[in-house]
Every structure is written in C-alpha cells, then in structure tokens.
Amino acid sequence: MTDIFVFDNSYVRLPDRFYARVAPTPATTPSLVRINVDLARLLGIDPVKLAAPEGVAALCGRRIPEGADPIALAYAGHQFGNFSPQLGDGRALLLGELVGTDGARRDIQLKGSGPTPFSRRGDGRAALGPVLREYLVSEAMAALGIPTTRALAAVITGDPVVRETLLPGAVLTRVASSHIRVGTFEFFGSRGDVEALRLLADHVIARHYPDAATQPSPYRALLDAVIARQAALVAQWLMVGFIHGVMNTDNMSIAGETIDYGPCAFMDAYDPAIFFSSIDQGGRYAFGNQPRIAQWNLARLAEAMLPLLADDEEAALADARAALAGFAPCFEAAYLAGLRRKLGLQSAGADDLALARDLLQAMMADGVDYTLAFRRLADAALGPADGETFRGMFVDLAVIDAWLGSWRARLLEEPMEGQARRAAMRAANPAFIPRNHAVEAALSAAVTEGDFAPFERLLAVLSRPFEDQPEHADLAAPPPDGLPPYRTFCGT
Ligand code: AMP
Ligand code: MG
C-alpha cells in the first residue's frame with residue numbers, strides 16, 4: 001500500500017555535510033487547523049487522507065510517512081549585513097520531495113517540528129500566530145501571482161511554546177520549489193568547500209535552471225538566471241506593497257520564490273521608506289530598499305560562487321561583476337513593465353516611468369493608500385466622471401488633476417477602449433491584499449479566542465484578490481484612524 005505521500009527525494013542524496021538527519025518531535029495532542037485542498041491535489045495527495053488522523057500525524061511529527069527521509073538543511077547567511085557561517089534549519093525539517101501532477105518537484109517541509117542540530121539556543125518550535133500568518137500571507141501572494149512558497153497545512157501541536165508568554169504551538173507544512181537559499185551557497189563558499197559548491201550548483205541547475213546546463217558556462221548562466229529571477233521577484237513585491245521585513249541571505253530562495261514570512265507586512269499609504277520590523281533598526285529592509293538589498297544579497301551569492309566561475313581569481317571576479325551588472329536592467333525592466341500594467345498602458349512610452357513616479361509622488365505627499373488608489377484609478381479609465389473617487393483620495397487637487405491630464409493624454413496614444421482598459425487594470429491592481437490590521441485581527445481571534453472564522457474568511461477573500469467582493473469590503477479598507485503604529489517581530 002502506498003502512503004499518502006509518494007516521495008521522490010533528491011537533496012538527501014547529496015553528501016552528508018549538506019544536512020543533518022533528524023526525526024521530528026512528535027506533537028502531544030495534535031489538532032488540525034486546516035489543509036490546503038487545492039494544493040494537496042496539485043501535489044498528488046488525497047486531501048481526505050491528508051486530513052484524516054494518519055495524515056495529521058504525519059503533519060505534526062507523530063508519524064514519519066513511508067518514503068520520508070527527514071533532514072535539517074545546513075546553510076549560512078548574512079543577517080542584517082553580518083555573516084553567520086552556521087545557521088541551518090533550526091526548527092524545520094525537510095520530509096521529502098514530491099513530484100506534482102504538473103510534473104514539478106517540490107519540497108515538503110515541517111516548520112516548528114522540534115529542535116535540530118542547527119537550533120542553537122532556539123526551541124525548534126513555532127507559535128500558532130506566526131504559523132497562521134505564514135499560511136495566510138504565502139497563500140495570498142500565490143493568489144496575487146507572485147512566486148512564493150506555499151502552505152499545505154497547519155496543525156496545533158498541543159504543546160505550548162514559551163515566548164514572552166505561553167502560546168499555543170503549531171506546525172506549518174511548507175511547500176517550496178526547494179529550500180535552497182543564497183545562504184546555502186555561502187555555507188560551502190565560506191568553508192572553501194569547492195566540491196560541495198559544485199555539487200550544489202549542479203543540483204540547482206538540474207532542478208531549477210535546466211537551461212543553464214546547455215550554456216557554454218553553466219555556472220555563470222546559473223548566476224545570471226538567479227539574478228534575473230530575483231530582480232523580477234522584487235519588482236513584483238513592489239507592485240503590491242509587500243515588505244519582506246528580513247531579507248537576510250538565508251531568507252532568499254535560490255529558486256526566486258518569496259520565502260520566510262516572519263516579520264513581513266504590506267504598505268498602506270505609499271511611502272518607500274516604510275518598514276515595520278521591530279528589529280530592523282534604520283530600516284535596512286524598508287519597502288523601497290528591497291531592490292538594493294536583493295542586489296547586495298546577490299553579490300554575496302556571486303562571491304560564494306567565485307571558485308565555480310573561473311580558475312583564475314581576476315577572471316572570476318570579472319565574471320561576477322558582469323553578472324551583477326545584470327541586476328539593474330532586469331529589475332528596471334520588470335518594475336517598469338509592472339507599473340505600465342498598473343497604469344493600464346499597453347505600449348512602451350518614453351515618459352512612462354516619469355508618469356508613474358509623479359503619481360507615486362502625489363500619493364506620498366498626500367498619504368494616499370497605494371492599493372486602493374490604483375484600484376480606483378481603474379475606474380477612472382472609463383472617463384473623467386468615473387475618476388472622481390480616485391481624485392477624491394488626494395488633498396492637493398491641482399497636483400492630481402495635472403497628473404490625470406497627463407495620464408489621459410498618454411492613454412490617447414493607445415487604441416484600447418475604456419471598459420477593456422478598466423478590466424486590464426483591475427487584473428493588475430488587486431482589491432485585496434493582506435492588510436496588516438486585518439491579518440492581526442484574524443490571528444488574534446484564532447490565538448486568544450480559538451475563533452478561526454476571521455482567519456478562514458480572510459484566507460478565502462485573499463484567494464480571489466482581483467475580484468470585488470462587496471460583502472467583504474471591510475477587508476479592502478485601509479486601517480482605521482487611530483491604530484497604534486504597526487510593528488512586526490522576528491524569530492517567532
Ligand atoms: P528566521 O529569522 O526565521 O529566518 O531564522 C533564522 C535562523 O534562526 C534559522 O537558522 C532558523 O532555523 C533559526 N530559528 C528561528 N527560530 C527558531 C527557533 N524557535 N528554534 C530554533 N531555531 C530557530
Ligand atoms: Mg529563515
């Protein structure tokens with residue numbers, strides 16, 4: 001009889017120094033919060049079996065399913081600019097890999113499943129609130145069309161975790177194209193373990209960047225491709241106001257997926273300097289800094305990969321520099337293409353970036369909500385009378401009227417009629433993002449009152465972010481006035 005999962009593990013075939021074999025700590029009295037039925041099906045898992053006791057036992061460490069080979073992955077990382085040569089999965093285990101019905105290989109990871117050799121001073125646990133946050137936000141990102149890890153399940157363990165107070169413990173089952181990070185390369189790079197670097201790079205090429213294998217310099221092609229994917233990813237974050245919050249190199253997936261939703265947040269009023277993380281002194285990971293930080297992280301990747309690029313050090317450095325020079329054009333192209341979609345533009349005009357910047361500047365000057373403004377701008381595509389709601393969001397009407405004039409003049413250069421333009425803009429500008437205050441309210445109801453209804457409602461609404469859902473209009477609204485400044489926390 002086959003188990004619920006049909007594992008096909010590849011990372012575990014890499015040498016021992018890539019990971020530590022470790023069994024999960026069994027949860028005492030598990031209770032299922034939810035499983036992700038659609039994702040289960042995509043992974044070739046029967047959702048009914050997954051939600052049954054045998055499945056839940058596998059999702060909380062009480063049963064190691066057939067074919068699973070649990071390992072904690074070794075990695076290093078630059079955290080807030082400082083290098084830690086030894087991090088690794090301190091509270092997560094890779095159960096194994098599955099090939100989905102779409103043919104794609106994905107990792108199945110338990111997060112919060114107990115201590116590992118990489119736990120350092122941590123308890124290896126996760127609290128329910130952060131598990132629900134990751135579930136909610138990662139699934140919202142997926143629905144927004146942004147590459148991301150996914151959430152397959154959340155289980156309450158029955159074992160309280162000690163934070164500032166005692167909190168319910170939980171395990172998130174995370175699904176990712178892989179859990180290989182920039183920090184995985186740094187782990188071997190900093191040890192001068194060139195053989196391991198080569199094995200890792202070959203694994204990553206085979207798994208994520210098969211085209212690189214056919215290039216004259218596969219490792220350089222790999223570096224170029226990672227840079228391009230990461231640049232495109234950060235541009236997509238900026239389109240929806242996402243602030244990752246802890247863009248350390250150990251939290252940057254080599255596959256170009258958004259990973260690690262600890263202190264993440266979404267921007268309400270447009271402000272590139274905004275950040276929310278309580279441990280991010282100085283706003284290193286502020287909204288508008290994210291492209292620069294991505295590039296900085298990729299420079300760490302290039303450094304780690306130097307021995308693979310060329311035997312001669314000067315030649316390797318020149319290669320790394322040339323690859324890194326590719327970041328800015330990739331990012332700028334993706335960013336501008338994204339802004340054009342948000343503005344309802346089909347063609348490429350020479351002044352489009354300036355047009356977008358002028359709007360963002362007006363939003364910033366007047367503290368206008370980023371998501372709502374673009375959503376309302378879609379209505380303005382029908383004509384001036386339909387632009388009043390958008391216009392009314394601004395304080396300085398002279399500025400926004402001038403801008404609307406430029407925008408309308410630019411629209412006239414394209415044949416698209418109003419309704420079609422509005423539809424295209426609504427497909428690029430979500431009505432719903434995971435608003436910080438709404439996420440907090442949903443998590444707080446679940447954690448303090450055991451009421452999961454707000455969490456379920458928010459999750460359902462965020463699964464269709466581009467559709468108006470008038471009965472849930474409250475979840476599209478910016479935070480009410482008078483809320484204290486929003487803060488997020490790391491390592492939770
Ligand atoms: P993060 O800030 O979640 O990206 O984690 C950074 C590092 O700390 C990683 O190596 C994690 O595995 C580890 N870590 C975070 N929280 C815990 C915990 N509660 N127990 C053990 N290790 C942890
Ligand atoms: Mg992490």
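Quick caveat, the model's predicted, so the values are computed rather than measured. One-based numbering, in listed order, for ligands and for the atoms of each.
For ligand 1, the atoms lying closer than 4.0 Å to a non-hydrogen atom of Gly88 are 9 (C), 10 (O), 11 (C), 12 (O). Short contacts between ligand 1 and Asp260, defined as distances under 4.0 Å to a heavy atom of the residue, involve ligand atoms 4 (O). Atoms of ligand 1 lying under 4.0 Å from at least one heavy atom of Gly124, given by number and element, are 18 (C), 19 (N), 20 (N), 21 (C).
Among the backbone and side-chain atoms of Asn251, an N/O/S atom is found under 2.8 Å from the Mg ion (ligand 2).
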Inset, instruction - Check the pair Arg63 / Ile4 against side-chain contact (heavy atoms from CB on, under 4.5 Å), numbers first and verdict last. - result: CA-CA 12 Å; Arg63 182 178 81 87; Ile4 300 168; 3.8 Å; yes
Inset, instruction - Could you walk me through whether Arg17 and Phe188 pass side-chain contact (heavy atoms from CB on, under 4.5 Å), step by step? - result: CA-CA 9 Å; Arg17 59 194 191 281; Phe188 295 114; 4.2 Å; yes
Inset, instruction - May I have the step-by-step check of side-chain contact (heavy atoms from CB on, under 4.5 Å) for Leu87 and Phe187, ending in yes or no? - result: CA-CA 9 Å; Leu87 293 169; Phe187 182 84; over 6 Å; no
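Between Phe118 and ligand 1, no pair of N/O atoms sits closer than 3.5 Å. Where the criterion is an N or O separation shorter than 3.5 Å, residue side chain and backbone included, Leu87 fails it with respect to ligand 1.
At distances below 3.5 Å, at least one donor-acceptor pair connects side-chain atoms of Arg191 with backbone N or O atoms of Pro85.
When all heavy atoms of Asp89 and Thr116 are compared, the pair lying nearest together is O-OG1, 2.6 Å. The shortest heavy-atom contact between Ile35 and Pro47 is CD1-O, 3.2 Å.
In this structure, Asn251 is part of the shell of residues with a heavy atom less than 4.0 angstrom from ligand 1. Not a single heavy atom of Gly262 sits closer than 4.0 Å to an atom of ligand 1. Within the 4.0 Å heavy-atom shell around ligand 1 one does not find Arg121. Remark: distances from the non-hydrogen atoms of Arg163 to ligand 1 include one below 4.0 Å.
Under a 4.0 Å N-O distance rule, the pair Asp260/Arg174 qualifies as a salt bridge.
Side-chain polar atoms of Glu186 and Thr249 form a donor-acceptor pair below 3.5 angstrom.
With a 4.0 Å cut-off on non-hydrogen atoms, Arg120 touches ligand 1 through its side chain and not its backbone.
Of all the N, O or S atoms in Asp260, the one closest to the Mg ion (ligand 2) is OD2.
For atom 19 (N) of ligand 1, the nearest non-hydrogen atom from the set Asp123, Thr116, Leu73 belongs to Asp123.
Under the 4.5 Å side-chain criterion, counting only non-hydrogen atoms from C-beta, Arg106 is not in contact with Glu97.
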